[in-house]
Amino acid sequence: MAWVGKSRARAKINLTLHILGRREDGYHDLESLVSFATFGDELTLVEGPRLALSLSGPHSAALSADADNHILKAAYALATRVKPLRVGKFHLVKSLPLASGMGGGSADAAAALRLLAKLNRLSLDDKRVREAAQETGADVLVCLESGSRIMRGIGDALDKPL
């Protein structure tokens, strides 16, 4: 097993948020100026034969390490697009409180995609990585690069970084 690396899942902060309407699919169209804090969760990946997740940290007790976790959802979404996908065991140190509005789960999923992209020599601009981000959740795409920008739609339309 080889160490792949560590990625900070930085907290997302909506500096502005305008809800423009509800869509037929249940999502809301929005426009938001987002930025990212220097603090957040920490995710590591060690390459291995199968996908796994372990948890620790002050806010880990409320999480599960099963297929409902955003980290594993993102990995499975990428695995359907990249064959074969090299994977391994993730370990999440959960510091951000759950349901706090800071996009912790989305940031964790984006960190997983960054680590898997590194392991598989994929660019974050790779269409398959971006599609996996969008499939996992509305905020995951903006969390991939974790830079200040305006996002629109359901989070799928991103302006250039500010």
Side-chain angles (χ1 to χ4, degrees), residues 5-43 45 51 53 55 59 62-83 85 87 90 92-162:
K6 179 184 340 183
S7 186
R8 169 90 47 207
R10 295 169 54 200
K12 179 182 70 70
I13 302 166
N14 290 304
L15 299 173
T16 64
L17 178 60
H18 302 283
I19 306 297
L20 305 176
R22 189 174 179 107
R23 299 160 37 122
E24 288 184 20
D25 60 9
Y27 285 101
H28 289 91
D29 277 316
L30 58 86
E31 180 177 75
S32 180
L33 171 59
V34 298
S35 191
F36 290 83
T38 56
F39 61 88
D41 298 337
E42 187 174 279
L43 187 67
L45 176 61
L51 194 55
L53 173 63
L55 306 165
H59 296 285
L63 281 179
S64 62
D66 61 16
D68 286 335
N69 188 288
H70 275 56
I71 292 166
L72 296 178
K73 283 182 180 180
Y76 290 131
L78 188 58
T80 64
R81 292 164 170 82
V82 177
K83 303 226 185 256
L85 182 71
V87 296
F90 288 105
L92 176 67
V93 179
K94 187 69 180 162
S95 299
L96 295 174
L98 275 61
S100 63
M102 292 187 279
S106 296
D108 296 342
L113 290 173
R114 284 193 299 272
L115 289 168
L116 289 170
K118 177 181 177 183
L119 176 61
N120 290 276
R121 295 187 174 97
L122 300 171
S123 164
L124 294 182
D125 289 331
D126 187 300
K127 179 182 176 184
R128 299 166 296 178
V129 174
R130 298 180 78 71
E131 287 174 349
Q134 285 183 280
E135 180 182 320
T136 304
D139 285 347
V140 179
L141 188 60
V142 76
C143 292
L144 264 180
E145 296 172 4
S146 298
S148 298
R149 62 189 339 151
I150 294 175
M151 67 177 191
R152 293 185 172 85
I154 59 170
D156 57 335
L158 303 176
D159 286 2
K160 292 184 181 181
L162 302 174

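Each residue takes its place number in the sequence, starting with 1.
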**Prompt:** Is it true that D29 and R23 make a salt bridge, defined as a side-chain N closer than 4.0 Å to a carboxylate O?
**Reply:** yes
Can a donor-acceptor pair be found, under 3.5 Å and without considering hydrogens, that links the side chain of [X] to the backbone of [Y]?
X    : Y    : result
R10  : G40  : no
S35  : S148 : no
R114 : S7   : no
N14  : V34  : no
N120 : L122 : no
S95  : D41  : no

Min side-chain heavy-atom separation [X]-[Y] under 4.5 Å:
X    : Y   : answer
L63  : L92 : yes
S106 : K12 : no
V142 : F36 : yes
L72  : D66 : no
M151 : L30 : yes
L20  : E31 : yes

Could you pull out the closest heavy-atom pair between [X] and [Y], with the gap in Å?
X    : Y    : result
T136 : A109 : CG2-CB, 3.9 Å
N69  : S64  : ND2-O, 3.1 Å
S123 : V129 : O-CG2, 3.7 Å
S32  : L17  : CB-CD1, 3.8 Å
H59  : L98  : O-CD1, 3.4 Å
A67  : K73  : O-CG, 3.3 Å

Atom pair [atom1]/[atom2] of [X] and [Y] - distance to nearest 0.5 Å:
X    : Y    : atom1 : atom2 : answer
I13  : L33  : CD1   : CG    : 11.0 Å
E135 : T80  : CD    : OG1   : 5.5 Å
L51  : L85  : CG    : CG    : 8.5 Å
L43  : K94  : CG    : NZ    : 10.0 Å
E42  : R8   : CD    : CZ    : 5.0 Å
I154 : L141 : CD1   : CG    : 10.0 Å

**Asked** Applying the side chain to side chain contact (heavy atoms under 4.5 Å, CB included) test to R130, which of D156, L124, V140, L158 qualifies?
**Response**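 Exactly one candidate clears the test, L158.
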